[in-house]
Amino acid sequence: MKVALVTGSTSGIGLGIAQALAAEGTAIILNGFGDTEPARQALASSGVRVGYHGADLSKSEDITAMMAYATSEFGGVDILVNNAGIQHVAPIEEFPVEKWDAVIALNLTAAFHTTRLVLPRMRANNWGRIVNIASAHGLVASAGKAAYVAAKHGLLGLTKVTALETARTGITCNAICPGWVLTPLVQRQVEARAAKEAISIEAAREALLLEKQPSGEFVTTEQLGATAAFLCSAAAAQVRGAAWTMDGGWTAQ
Ligand code: NAD
């Protein structure tokens, strides 16, 4: 049985990906903050083994401990999904330095640490899958999101280097670049916009979508889970270093 470590999987996109991989019979190691019970319940029907490590991925020593847990409890990681991420919105000259550091640490540096720590076992097995959850903001920018945009552009760079360094092996590394997905991360931005513009939550949702996403529809966690599962399949063995957009046309403009 393959083992997948999905970072930031107690909520949102990470949980959707964990569900899709579990449905294919992959054991899941959850990670993230908050109550783990809803995620465990969401995975229960798949019948796969589920573990959890609460590493704070902005700390490299926590990542080392999480990998030691994966090795001792599950024999190691076959599929790594670097999904955990945070956002902070402010103009550059007002951007709190500690927020910059936190966004870069989680959205970019953590993926470097997890990747470097899973590769030796994947190389030994000559099989592995690394899926990095970047963003439309890995390809284009928006004002107010300096740290996030820089981190996601960096994550696409890391994806390409990892793909090249593993190109002659059975290990692949790819990125998915979602547009708006209605998760807690985006709900907070919707609420901030509703408060700032004195409009309803529904109107703020519409405005947020229509500004960037031509489809006018949110991407779903189920769609992202299915794409991650495809990238982990045999059919995707020669998909290497891709930045696969799922953004309702955002970056086609
Ligand atoms: P979310 O807030 O719903 O979930 C984030 C997860 O990361 C949670 O499980 C949280 O506990 C975990 N987390 C936060 N800080 C952590 C830390 N220091 N260490 C370990 N875990 C931590 O967010 P989401 O919308 O599901 O986002 C998941 C990923 O998708 C992020 O990388 C985000 O940038 C990316 N993304 C989201 C959207 C969107 O519209 N929601 C769009 C593009 C990309």
Side-chain angles (χ1 to χ4, degrees), residues 5-20 28-40 42 52-67 69 81-89 98-99 101-111 113-114 131-142 145 147-156 158-159 175-191 193 205 208-209 211-213 215 217-225 227-228 243-248 250-251:
L5 168 63
V6 186
T7 70
S9 46
T10 50
S11 148
I13 294 169
L15 179 54
I17 292 174
Q19 284 179 272
I28 302 291
I29 303 174
L30 296 164
N31 156 260
F33 298 153
D35 185 4
T36 60
E37 213 35 56
R40 286 182 187 280
Y52 168 75
H53 195 282
D56 175 347
L57 303 181
S58 61
K59 298 178 179 153
S60 67
E61 62 274 19
D62 275 28
I63 297 176
T64 305
M66 178 174 70
M67 291 304 174
Y69 163 84
V81 183
N82 286 309
N83 165 78
I86 49 169
Q87 176 64 281
H88 187 80
V89 183
E98 67 278 8
K99 292 287 186 192
D101 288 344
V103 172
I104 299 293
L106 181 62
N107 296 18
L108 179 57
T109 308
H113 288 303
T114 52
V131 179
N132 292 328
I133 305 306
S135 168
H137 284 121
L139 297 163
V140 295
S142 294
K145 297 186 174 176
Y148 188 86
V149 169
K152 295 297 188 182
H153 275 67
L155 187 58
L156 291 187
L158 177 66
T159 302
I176 300 174
C177 300
W180 293 121
V181 189
L182 195 56
T183 64
L185 181 141
V186 167
Q187 184 61 24
R188 283 190 288 275
Q189 294 176 63
V190 167
E191 285 163 13
R193 185 166 187 150
R205 251 182 219 166
L208 194 89
L209 266 180
E211 196 174 75
K212 300 280 184 185
Q213 203 147 300
S215 69
E217 291 177 6
F218 286 102
V219 183
T220 69
T221 57
E222 290 79 9
Q223 290 161 352
L224 291 162
T227 301
W244 181 256
T245 56
M246 293 183 68
D247 62 9
W250 180 326
T251 55

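Just so you know, ligand 1 is whichever comes first in the structure, and atom 1 is the first atom listed for that ligand. What you see is a predicted model, and the numbers here were worked out from it, not measured in a lab.
- Ligand 1 is never approached by M66 to a heavy-atom distance shorter than 4.0 Å.
- Atoms of ligand 1 found under 4.0 Å from any heavy atom of G12 (numbered from 1 in listed order, with element): 3 (O), 26 (O).
- Ligand 1 does not have G34 within reach: every non-hydrogen atom of the residue lies 4.0 Å or more from it.
- Not a single heavy atom of C177 sits closer than 4.0 Å to an atom of ligand 1.
- For atom 19 (N) of ligand 1, the nearest protein heavy atom (residue, atom name, distance) is L57 N, 2.9 Å.
- Residue contacts with ligand 1 leave out F218, since none of its heavy atoms falls under 4.0 Å from the ligand.
- Distances from ligand 1 to the non-hydrogen atoms of K59 include no value under 4.0 Å.
- Expressed to the nearest 0.5 Å, how far CE of M246 lies from CG of L224 amounts to 4.5 Å.
- When non-hydrogen atoms are compared, ligand 1 lies under 4.0 Å from the backbone of A134 (N, CA, C, O) but not from its side chain.
- Shown in contact with P184 at under 4.0 Å from a heavy atom are these atoms of ligand 1, numbered in order with element: 3 (O).
- Residue N107 places no heavy atom under 4.0 Å from ligand 1.
- In terms of protein heavy-atom proximity, atom 4 (O) of ligand 1 is nearest to S11 OG, 3.6 Å.
- The closest approach between any non-hydrogen atom of G54 and ligand 1 is not below 4.0 Å.
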